Amino acid sequence: MKVDDAITEALRNEIPLPTDKLEALRNFTLSVVRDRGNVNDDAVQAFLDAGFTKRQILEVVLAAAQKVMSNYTNHLANTPIDKPFQKFEWHKVD
């Protein structure tokens, strides 16, 4: 998807992203996931104030839903990672 490696690493390692707008996207997405869609008005407003739209709120929800369905299915089915994607496999360091 042509995402800068620095952004991927910042997300994985929970360090600040390079722009306030990306940070707002991360925070809003985490709110959607952690609060199971019960995002408070302040979090929604912060997302909108960062330059996002109401349509993009729905896009975040759609992306989260798709990721949940994919991950849960693959975990239950023990789906192996396709060979071309194995080089991207990552495990969080504790």
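All values reported here derive from a predicted model rather than from experimental measurement.
Looking only at distances, a side-chain donor or acceptor of Asn40 sits under 3.5 Å from a matching main-chain atom of Asp42. Side-chain atoms of Gln86 come within 3.5 Å of backbone N or O of Ile81 as a donor-acceptor pair. Between the side chain of Asp82 and the backbone N or O of Phe85 there is no donor-acceptor pair closer than 3.5 Å.
Interatomic distance, CG of Asn27 versus CZ of Arg34, reported as 9.0 Å (0.5 Å rounding). Distance check: Leu62 CG to Arg55 CZ gives 10.5 Å after rounding to the nearest 0.5 Å. Note that the CG atom of Leu30 and the CG atom of Asp35 stand 9.5 Å from one another [nearest 0.5 Å].
For Asn74, the CG atom counts as densely surrounded, since its 6.0 Å shell holds more than 12 non-hydrogen atoms of other residues, nucleotides or ligands.
By the side chain to side chain contact (heavy atoms under 4.5 Å, CB included) test, Asn71 is found to be paired with Lys67, His75, residues two or more places apart in sequence or in another chain being considered.
Between Trp90 and Thr8 there is no side-chain heavy-atom pair separated by less than 4.5 Å. The closest side-chain heavy-atom distance from Leu25 to Val60 is below 4.5 Å. Using a 4.5 Å heavy-atom threshold, the side chains of Gln56 and Phe47 count as touching. Side chains of Thr19 and Leu22 form a contact here, defined as non-hydrogen atoms less than 4.5 Å apart.
Here the closest non-hydrogen pair linking Ala24 and Phe52 is CB-CE1, 4.4 Å. Listed here is the closest heavy atom pair of Val39 and Val44: CG1-CG2, 3.9 Å. Of all the heavy atoms in Arg26 and Leu17, the pair that sits closest is NH2-CG, 3.3 Å.
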